[in-house]
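Take a look at the structure set out below.
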Amino acid sequence: MAKYDPPAVEAKWRDRWERDGTNRLDLDRAERPFYNLMMFPYPSAEGLHVGNVFAFVGSDIQGRYRRLLGWDVFEPLGFDAFGMHSENFAIKQGRHPAEMVPRNIEHFREDQLKRIGLMVDWSRQVDTTVPEYYRWTQWMFVTLLRNGLAYRARGQVNWCPGCKTVLAKEQVIDDLCERCSSRVEKREMEQWYFRTTAFQDELLDELDRLDWSERTKTAQRQWIGRSSGADVAFRIEGGPELRVFTTRPDTLYGATYMVVSPEHPVLDEITAPDRRADLEEYRRRAASISETDRQDEKREKTGVFTGAYAVNPVNSARIPVWAADYVLMGYGTGAIMAVPAHDARDHEFARKFDLPIIQVVSAPPGTPDVQREAYPGEGTLMNSGPFDGLEAKSQGIPRIIESLAAEGKAEPRTLYRLRDWCVSRQRYWGPPIPVIYCDKCGAVPVPEKDLPVLLPAIEDFRPDGSGHSPLRRHAEFYNTVCPQCGGHATRETDVSDNFLCSAWYFYRYPSTEFADRPFDAGRTRKWLPVDLYVGGNEHAVLHLLYSRWLCRALNRAGFLDFAEPYRRFVAHGIIVKDGAKMSKSRGNIVNPDDYVGAYGADAFRVYLMFMGSYLEGGDFRDGGVRAMKGFLDRLWAAAVPDPGGPPAGDGGNRRPDAAGPLSDAPPEGAETLFWLHSTIKAVGHDIERFSYNTALARIMELVNHLTRNRIRNREISGVLARLIAPFAPHLAEEIWESLGNSGSVFRSSWPSHDEECIRRPEVEYVVQINGKLRDRLKLAIGLTPEEIEPLVLSSPVVLRWIEGKELVKKIYVPDKLINLVVK
RNA sequence: GCCGAAGUGGCGGAAUUGGUAGACGCACGGGUCUCAAAAACCCGCGAGAUUUUCUCGUAUCGGUUCGAACCCGAUCUUCGGCACCA
């Protein structure tokens, strides 16, 4: 055996795993299935990002650990290769995505992913761009359409001028395109939508029961954005009824004016002739203000009086109707009742235009007067006629709705922020939407037997901003015949959003060999839902929401017998470099290949997991990887039978007794047994709670103990190999083999620990006087307070502190601490 | 503005339930070895002081407790989500 040589060891085991099919799994024979899923990457031309490696390794550790615990772990990986990320890059490089993507995938898999030692079963790779896959993506579309969950509609859409396509609301971040950061424009267009709102309540309510990272659930809750309240009808004098949505029907008596959005059509009807000119001027100005500026809440409130008056249904008060752009046409009814006493926005508006402010909810003493500041909090109703004295929110809301509902003037209503998913993309690099338009038959889904609708190989694939996909320019694709009547028809030329490809990919992995169905029923029953899903939180309202929705849709349509795709989701953190976000412009991108090449994949893996919290993210520092190589060197030296000579260039200065033979006797010595068994226990526990940095710290402590005491023992080496195996799989295999074991260490089992060895006969008690540490005493465990007291009181240090003072209280924490309170 | 998470040495970060603050590692300092350097190994490493020991110390201020990084209240800062959403 030679010294630890990562390139040789890692190459050896890469080949061995491949040759022996170590990572392959017979899905049908597996007895304890565990589906360990990681979010699949898009194969960028830049290569694997260190953030990908961080994410994958953390997931792989779970898979490998579970395998050592005896589970049949299925750990697949694939490539999310359709979509604008790939296409935009191809455009920039002046290349064709169809030519680029397969090469990128090859490079990702062969040169990068296989190098980092993931326990991936590559025989089940999924590539979303091959017809064998997107055939079923199109099948999803058709199935949704047949089940009334997809529809085509004209409406306001988000248009990215950079990517020259529409986007879903989820893909617009602060008015910018999430892909290219162009400012997104509003356009009126006809597009395909998926009815995500059909399951909004279930998607929201089920979150409470999901074993997911809390921050992910919070993000999804806020995105769905349910708010309950009521619609209330106000009669306009000499005009129609105007309905408003409010979450605070309890404050109806405080409604002193109404506001309608400038776009609201009712304005044409109700505006007084002498106010018309002002209104039109205001509407023109409002229309010219960009969406962003309009939603900037720091902007001063503006508005015009319409000359109309409405009647407050609770007290028949006559209140003016204003038009103002702080009310949005797209939410609720586009009109509100304004309660300046209890809503900050209404308050600001009322102050500016000198409208009355009437308090209807009592505020606690010390709250500023409502004439000065709105009070949105709890309280009892006042100035509210028969409802005075009711607790506003809990009693006032239901009672006031009830009383108005009797006259048909109010009804409970719940609003959502969630919008249906706009899935059309006027782009090339995606699965064509499988629909045919016929003058006679309308929009006809492509029959299943005709799927896939192949994405034609065209050279001019660049988007042109015409509002149509580049496919539209190709008559041989565009023109077709109607599958129903056989008459002339045209194809839908838009492709579907890449998030549809990724909304179902995890059903495909266990069923890759079935060409005639998207997923096999038996396989799916056995392997799904996914047991553990690890990924980035940036997909909280994108992929994770879409895939939950699609799961529900497939469940509703009878294709799945479960409605939630992931049993458990864990969001990993983001890694930064030297405290700053990694970016090309900063020039601080970490290229994994450099570190894997210099120190080995195992050292790189171990460093990524050690540098910080996996769940919170960490800070990448250059020196760290080298330090972890040093740790692996020490572990190697402590564990293998013949750790080999000193490193090259060493002048023979190695301590001669550092590497004696391994002892074959059982491990001995209370101290060593304690370290051994407490480490086994702690490492397992830490892996389970994703606390990889502390798990590694524990292994380091054990190695330090062994090295310091020159302990070299075969059984302990076997434990070390298995403890480090999830983190540094190649090294673990090599150690395991060196100990004379045949076969992979991952065919062995996680070491068990003996509680007896962890319980020490003596324990160091902390002696505190008035809560301050004054002394430590080594005492036998399990002593009673009565037995301890004389021992403590005989300590000279303790005596000095309590001398001449009165002992008023004694606190005992068994086997841990004594606190004497003196006066 | 609302919701969520966080703030600990020179640095990355530990601290299961309120019970020894700073595990583990980096950097740094000293030493062994060497002609020398690197590597390896050993020792030290929160601050201060009147240095066998004591005082202070987990963003700031206050509280609860025998005892607080941890619980409570207020404030500041950072990050993430939502945001004129009625």
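Protein chains get the first letters and strands the later ones, always in sequence-line order, with residue 1 at the start of each.
Classification of B/G67 as anti follows from a glycosidic angle more than 90° from 0. Base orientation for B/U58: anti, the chi torsion being more than 90° from 0.
Counting non-hydrogen atoms under 4.0 angstrom, A/Arg226 reaches nothing in the nucleic acid. The residue A/Met337 sits apart from the nucleic acid: no heavy atom pair falls under 4.0 Å. Counting any heavy atom pair closer than 4.0 Å across all strands shown, A/Arg215 reaches no nucleic acid atom. Across all strands shown, A/Val766 has heavy atoms under 4.0 Å from base atoms, whether or not it also approaches the sugar-phosphate. Within 4.0 Å of A/Asn693, counting heavy atoms only, lie sugar-phosphate atoms of the nucleic acid but no base atom. Heavy atoms of A/Gln768 sit under 4.0 angstrom from at least one base atom. Residue contacts shown for A/Arg689 are limited to sugar-phosphate atoms, with no base heavy atom under 4.0 Å away.
Between A/Arg413 and the phosphate of B/A86, there is no side-chain N or O to OP1/OP2 separation shorter than 4.0 Å. Taking side-chain N and O atoms only, A/Ser227 has a distance below 4.0 Å to OP1 or OP2 of B/A86. At least one side-chain nitrogen or oxygen of A/Arg774 sits closer than 4.0 Å to the OP1 or OP2 atom of B/U55. OP1 or OP2 of B/G67 has not a single side-chain nitrogen or oxygen of A/Lys810 nearer than 4.0 Å. Taking 4.0 angstrom as the limit, A/Trp223 places none of its side-chain polar atoms (N or O) nearer than this to OP1 or OP2 of B/G4.
Across all strands shown, B/C45 forms no Watson-Crick or G-U wobble pair with both key distances under 3.5 Å. Summarising the base pairing, B/C71 is matched to B/G63 through a Watson-Crick or G-U wobble pair whose two defining distances lie under 3.5 Å.
One donor-acceptor pair, N or O on each side, does fall under 3.5 Å between the base of B/C84 and the side chain of A/Lys301.
By the 30° and 60° cut-offs, the orientation of the rings of A/Phe353 relative to A/Phe349 is tilted.
Proximity note for A/Val813 (side chain, C-beta onward) versus B/C82, B/G19, B/A86: the nearest is B/G19. Side-chain proximity of A/His685 to the nucleotides B/U16, B/G13, B/G25 is greatest for B/U16.
Side-chain atoms of A/Thr302 and A/Tyr282 form a donor-acceptor pair, as typed in the model, at a separation below 3.5 Å.
Comparing A/Ala335 and A/Asn704 along RNA chain B, the residue whose closest nucleotide (by nearest heavy atom) sits nearer the 5' end is A/Asn704.
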Contacts under 3.5 Å, N or O only, protein and nucleotides 74-79 of chain B:
none

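Taking the six-membered ring where the residue is Trp, the centroids of A/Phe54 and A/Tyr614 are separated by under 6.0 Å. Taking the six-membered ring wherever Trp is involved, the centroid distance between the rings of A/Phe610 and A/Phe631 does not fall below 6.0 Å.
What you find for A/Gln359 and A/Ala341 is that their closest heavy atoms are CA-CB, 3.8 Å.
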